[in-house]
Amino acid sequence: MGILVSEARGMEDASGQIAELYRRHAPAAGRFAFLLTGDRARAEDLVHDAFVRVIGRFGHLRVPDAFEAYLRRTMVNLHTSSLRRRRLERAYLQRAGSQAESSAPMPDVGIREDLWRALGELTPRQRAAIVLRFYEDLSERETAEVLRCSPAAAKSLTARAMDTLRARIGSEMR
Amino acid sequence: MNDLERDLRELFELKARDASISAEPASTLVRRARRRQLATVTASVVLGVALVVASIAGISALTSSGHEPKPIGPPEGRGLRSVVLPHAALSYPSGWYLLELGGRDGPRFQISNFDPGLETFDCGGDPAKVPAGGVVMTVLGGVVEWVDQPRMWPVELDTTTSGCDVASAAWQTPEGDDLIATASLAPDASADDRNALAKAFGSLVTSGEPMTEDFLGSANLVLDSADSPVGPVALYGYRENGSAWLGIAGPAGSRLAGGGQIGRDIPVADEGVTINLDAWGGVVWGDVSSAATKAELQTVEGRTYPASLIRLPQTLGVEDHQAVWGIVEGTTGDRVTTLLYDLQGNPLNSYFQTGARVTVATGTDPEGGSWELYLEPTNDGTGLGFSFTHGGGGSGCCLQPLKGDFKLDGYGSGSDEPSDITSLASDAVTRIEFEAASGERIDGGLYPVPDASLGIPQIGLVIVPSHVALEGQLVAYDASGDELGREDIIRDNPEPPGPTNEIDVVWERLRNARDAIQDYAAGHQGSLSRLNGDLSLKLDPFIRWNDGELADGQVSVRGVARAGGSEVTGLSGWNVVLASATVGPNGSVGSVYCIAVNIDEGGGANFRYGTQDAQSYDECHGGWPGLEQ
């Protein structure tokens with residue numbers, strides 16, 4: 001029979017690892033979450049919730065690269081499943097946002113903000129598909145993996161989102 | 001890259017630059033993360049005896065929230081169930097509770113002969129907290145520093161002792177993962193259960209790489225497992241965000257994975273059932289009413305497969321629902337019906353088998369050429385279709401038995417080709433005619449329906465030349481020349497604008513909402529039972545919805561209720577009323593309009609219009625001024 005000694009590693013050490021993981025991944029996750037949610041406070045909440053969720057499942061990661069992918073997937077999942085409250089908040093934020101933005105009528109900014117507002121009209125999965133494709137530069141297959149759907153479905157989501165954006169931008173400019 | 005893609009990329013880069021969040025984790029965040037994380041193992045050094053009680057207690061304390069164990073649940077059978085989890089596979093008594101805990105380096109799974117809730121069991125060092133007769137074992141990955149050589153599988157777990165965290169074993173897998181098993185056993189645990197636990201442990205196979213597709217419950221209770229053509233698949237129940245979910249996971253790379261929320265409404269039929277479809281077949285899974293006592297799967301091609309009904313454990317917190325699932329093999333269309341039966345064997349939902357077209361009539365039109373009038377069996381019912389051989393035409397679904405002598409079925413037209421008007425007629429109808437608004441009179445034909453079970457004696461068909469606008473009335477006559485019925489054909493702009501801009505905006509909003517409800521019903525087998533929650537997700541995201549009082553720019557959805565129906569088939573219609581209003585002086589409610597929507601048994605939509613702040617279908621009536629009734 002072998003001799004077993006378990007490692008006595010302190011809580012402080014593990015907490016330090018969590019903090020380090022957070023420092024490493026939070027900035028990129030925050031940017032991604034902001035593009036998903038359109039709101040900094042909600043983005044931060046989303047990152048925190050997802051971070052806690054992923055840490056809980058992956059503890060001491062042997063494949064550090066996997067952390068980022070799971071964090072991204074978890075953020076998408078959490079975001080799309082907690083929409084009701086967000087929708088109500090968004091109605092307010094959009095009104096508030098449109099008032100604030102009206103004081104800065106730069107031509108390019110105006111177009112961008114139209115597009116930004118139009119993104120807010122997409123369903124969460126459509127928006128996630130767009131962000132994954134054009135911000136994260138994921139392929140259709142990779143996008144599908146994050147969204148947990150087939151590549152064809154991801155393609156369809158993206159196409160519908162683009163159609164909607166074109167329609168919205170078009171109507172804004174008319 | 002097109003302009004929109006480029007704009008999106010630029011926008012995202014710009015926005016992301018300003019989206020920084022603090023890179024320093026708050027202390028509360030670390031604590032939250034720690035609660036979810038399995039800590040490293042702390043234990044005492046024991047020479048000669050692999051005793052890791054202290055370490056396991058430490059682990060349990062970190063992975064549990066002091067849950068009090070529930071009474072032992074009734075076993076559902078003593079057969080063995082084999083399940084493949086992401087990082088472990090094992091066989092265990094099918095009536096036991098297997099929790100998949102997800103982590104390679106954290107808790108992997110827990111098995112018990114009692115319902116521990118959806119969390120790891122923690123007896124906190126107190127043997128009295130192990131339920132009477134209970135046995136439970138947790139397997140988890142940790143960090144173990146081996147003084148000597150690591151112990152390799154197989155190792156033994158002594159299940160003859162009794163107490164809290166009384167038995168344990170540690171070993172290293174070929175991939176280099178250190179695993180620890182710990183078990184708690186009640187003093188009165190039966191010898192059979194002790195042996196079953198030891199055998200389950202002995203059957204364990206572990207893997208460093210995920211063996212299944214992943215999904216995101218933090219504690220997933222295995223409800224059943226089955227073999228599919230692509231490998232073993234498991235059905236899980238779990239809770240997330242305060243709701244109960246069902247999900248499946250198949251072998252890694254199989255794309256068999258998914259989860260769905262359950263428990264909001266008791267499904268009427270199989271509307272809560274979905275399918276993961278692939279080239280080899282698919283896995284059908286979901287929740288149905290607990291009224292069903294038998295289930296089977298029917299493909300659109302008519303093939304039948306068995307389905308299992310699974311009682312949901314109390315832990316999931318869902319009453320009057322049960323899980324259903326089964327595997328369909330071979331290529332199939334995009335739909336499989338889950339047929340449900342009650343205790344007496346009565347069907348709780350309907351199934352319509354698809355099949356080849358049945359020609360009702362053929363002919364040749366001087367302008368459009370040869371044509372065919374046909375019945376098309378679909379899995380929703382039988383549709384009536386018309387087509388010109390060279391193209392054009394279409395079909396609708398689904399035919400209902402004719403009540404009365406005459407009913408318009410539908411009409412269609414294309415550019416530069418004749419239009420067609422189809423109608424349903426009793427034997428009393430001997431002539432049918434289209435009276436065009438422009439003054440022309442065009443005779444049609446009547447054709448007997450070859451399928452008497454449809455309850456429709458004849459189909460009327462009028463082919464309208466392309467130069468005649470498809471606007472007017474379709475009229476049916478009997479043998480004496482008396483008129484039996486008359487239907488309006490309104491082609492263009494059937495819904496005129498409101499009398500003022502403000503009212504027109506409200507009318508347009510309500511009409512869009514009405515169409516969204518209709519689309520929703522069409523996509524949910526005519527049922528509105530799940531029309532709740534986030535309506536913008538379920539209906540039209542461009543409409544602002546609420547389920548309460550009138551609000552500026554919003555549509556209030558009220559009075560979703562069943563509209564009666566057949567007790568035998570379980571099919572019933574649904575009613576709902578939509579209301580919206582203009583804004584009056586000082587922000588008060590202005591002119592109110594409503595649309596009462598009835599989804600009938602066949603899934604068709606019927607509308608009634610009114611000017612009431614209606615709370616139910618019945619309260620909306622009288623029509624919009626000068627327009628819809």
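So you know, we letter chains A, B, ... as the sequences are listed, proteins then strands, and number each from 1.
Distance check: B/Leu4 CG to A/Arg166 CZ gives 5.0 Å after rounding to the nearest 0.5 Å. Taking CD1 of A/Ile130 as the start and CG of B/Leu8 as the end, the distance is 6.0 Å to the nearest 0.5 Å. Taken from NZ in B/Lys15 to OH in A/Tyr135, the straight-line distance is 13.5 Å, to the nearest 0.5 Å. Here A/Leu165 contributes atom CG and B/Asp7 contributes atom CG; the two are 10.5 Å apart, rounded to the nearest 0.5 Å. Distance check, rounded to the nearest 0.5 Å: CG of B/Leu14 to CH2 of A/Trp116 gives 9.5 Å.
Listed by chain and number, the residues in a side chain to side chain donor-acceptor pair (under 3.5 Å) with B/Asn512 amount to none (sequence neighbours excluded).
Of all non-hydrogen atoms in B/Arg9 and A/Arg133, the two that sit nearest each other are NH1-O, 4.0 Å.
Surrounding CD of B/Glu10 are more than 12 heavy atoms belonging to other residues, nucleotides or ligands, all under 6.0 Å away.
At least one side-chain heavy atom of A/Leu119 sits less than 4.5 Å from a side-chain heavy atom of B/Phe12.
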